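What follows is a short report on a single structure.
Below, chain A is the first sequence line, B the second, and so on; all start at residue 1. The structure presented is a predicted model; accordingly, all values stated were derived computationally and were not measured.
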There are 2 protein chains.
Amino acid sequence: MLSKSSKYGIRGVLYLALNSNENRKFSPTTIAKYIGVPAPFLAKTLQLLTKNHLVSSSKGRHGGFYLSDKNKQNSLIAIVDCIDGLDKFESCIIGLPVCSNENPCPMHDRLAPLRRAMVEELTNKSIEEFTNDLRSGKTHIFL
Amino acid sequence: MLSKSSKYGIRGVLYLALNSNENRKFSPTTIAKYIGVPAPFLAKTLQLLTKNHLVSSSKGRHGGFYLSDKNKQNSLIAIVDCIDGLDKFESCIIGLPVCSNENPCPMHDRLAPLRRAMVEELTNKSIEEFTNDLRSGKTHIFL
DNA sequence: ATATAAAAAGATAAAAATATCTTTTTATCT
DNA sequence: AGATAAAAAGATATTTTTATCTTTTTATAT
Ligand code: FES
Ligand code: FES
């Protein structure tokens with residue numbers, strides 16, 4: 001459904017949303033240990049997200065990755081879009097070159113709305129909002 | 001969302017559902033030409049589906065791939081399951097080792113039902129039923 | 001029987017995704 | 001200023017997916 005890169009990215013971002021701020025930064029190694037993903041691969045992903053201003057970082061001693069308050073206002077769809085792109089949510093399920101209501105494939109009418117609903121769920125809730133349920137223990141991101 | 005193999009497979013199967021029967025069989029090359037996919041790759045996929053009794057074939061002269069009446073009663077989920085497996089519809093969106101209502105990740109409650117609905121849409125309609133809309137021109141599988 | 005035309009099986013190639021390692025740059029502490 | 005610890009960038013390796021090509025098996029027509 002999502003690439004591993006996106007999965008790791010989301011988990012990393014949620015970890016940072018929970019634990020980081022401007023004066024509490026984390027190395028990819030530390031994050032990777034907590035969320036159980038390959039550290040150098042996560043590092044690459046966080047670098048990409050940082051380049052696109054979805055994650056913040058500072059170099060040098062006491063540097064690390066963190067989420068600014070602004071970063072926490074983004075939605076998870078921005079993370080997925082940055083890493084995987086939204087193509088898989090917008091293009092035809094069975095690979096026809098155009099996906100449209102006017103010229104639908106046999107599955108379009110049934111599946112396209114569900115696909116759209118998924119995107120909406122990832123869009124209309126900020127990263128910060130996701131942390132509430134995480135803090136209360138209703139949801140989790142650990143192994 | 002689906003692998004190319006599944007996409008090609010579904011389109012190939014729908015082509016056969018529309019055009020084939022016990023005495024009208026098609027070579028992968030012919031099918032591939034019509035649905036616009038790489039022929040040898042489609043051949044592999046059809047072979048796999050045949051081995052799993054989702055597509056029928058006969059060797060030798062005047063042989064080819066076709067769908068038996070029984071094959072046409074299958075649902076598309078069987079095709080996807082055979083080629084990709086259903087893991088992507090059943091395992092955690094963000095890659096946690098277990099996906100369950102009891103121990104949900106932050107997206108589970110919102111996305112798992114949509115995922116399930118997708119599987120249902122692919123399950124509760126037979127391949128044959130999909131051909132009605134195709135014949136009437138309401139939907140299409142061509143480029 | 002033999003030639004033919006097709007799927008099946010197997011081998012190989014190319015591209016993309018995943019994973020790791022090394023070097024460079026940068027900020028901060030002493 | 002020099003040492004240090006971190007991200008950033010770059011290079012390399014592995015695995016999976018996608019794609020193609022070749023050989024073998026099989027059914028049928030002649
Ligand atoms: S045309 Fe196939 S999903 Fe829209
Ligand atoms: S636990 Fe993540 S989708 Fe179910």
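- In this structure, A/I10 CD1 and A/L49 CG are separated by 9.5 Å, a value rounded to the nearest 0.5 Å.
- For B/R135, the CZ atom sits in a packed shell: over 12 heavy atoms of surrounding residues, nucleotides or ligands are nearer than 6.0 Å.
- For A/K88 and C/dA16, the NZ to P distance is 15 Å, given to the nearest whole Å.
- For the atom pair B/I79 CD1 and B/S6 OG, the distance stands at 9.0 Å (nearest 0.5 Å).
- In this entry the distance linking CG of B/D87 with P of D/dT16 reads 14 Å, nearest Å.
- Picking from D/dA6, D/dA9, C/dA7 the nucleotide with the shortest atom distance to the side chain of A/Q47 gives D/dA9.
- With rounding to whole Å, B/H53 atom NE2 is found 12 Å from C/dA8 atom P.
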Set out, in order, the CA-CA distance, both residues' side-chain angles and the distance that settles side-chain hydrogen bond (donor to acceptor under 3.5 Å, both in side chains) for A/E128 and A/T131, then state yes or no.
CA-CA 5 Å; A/E128 175 132 68; A/T131 63; 5.0 Å; no
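- A cation-pi contact links B/K125 to B/F130, judged by a cut-off of 6.0 Å to the six-membered ring centre and 45° from its axis.
- Look at CG on B/L46: it is 13 Å from P on C/dA9, rounded to the nearest Å.
- Interatomic distance, A/I35 CD1 to A/Y15 OH, rounded to the nearest 0.5 Å: 9.0 Å.
- The interatomic distance linking B/Y66 (OH) with D/dA27 (C1') rounds to 13 Å, in whole Å.
- At the heavy-atom level, B/F26 lies under 4.0 Å from the strands shown only through sugar-phosphate atoms.
- Residues A/E22 and A/D69 approach most closely at OE2-N, 3.8 Å, considering heavy atoms.
- Expressed to the nearest 0.5 Å, how far CG of B/N21 lies from OH of B/Y66 amounts to 9.5 Å.
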B/S/- along nucleotides 19-30 of chain C (protein heavy atoms under 4.0 Å) is BB----BBBBS-
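- Rounded to 10°, the helix from C/dA1-D/dT30 to C/dT30-D/dA1 has 10° between the axis fitted to its first five pairs and the one fitted to its last five.
- The CD1 atom of B/I83 sits 19 Å away from the P atom of D/dT16 (whole-angstrom rounding).
- Residue A/L48 contributes atom CG, which lies 15 Å from atom C1' of D/dG10 at whole-angstrom precision.
- Between A/L42 and A/Y8, the closest heavy-atom pair is CD1-O, 3.8 Å.
- Contact between the side-chain N/O atoms of A/S57 and the OP1/OP2 oxygens of D/dA8 is found at a separation under 4.0 Å.
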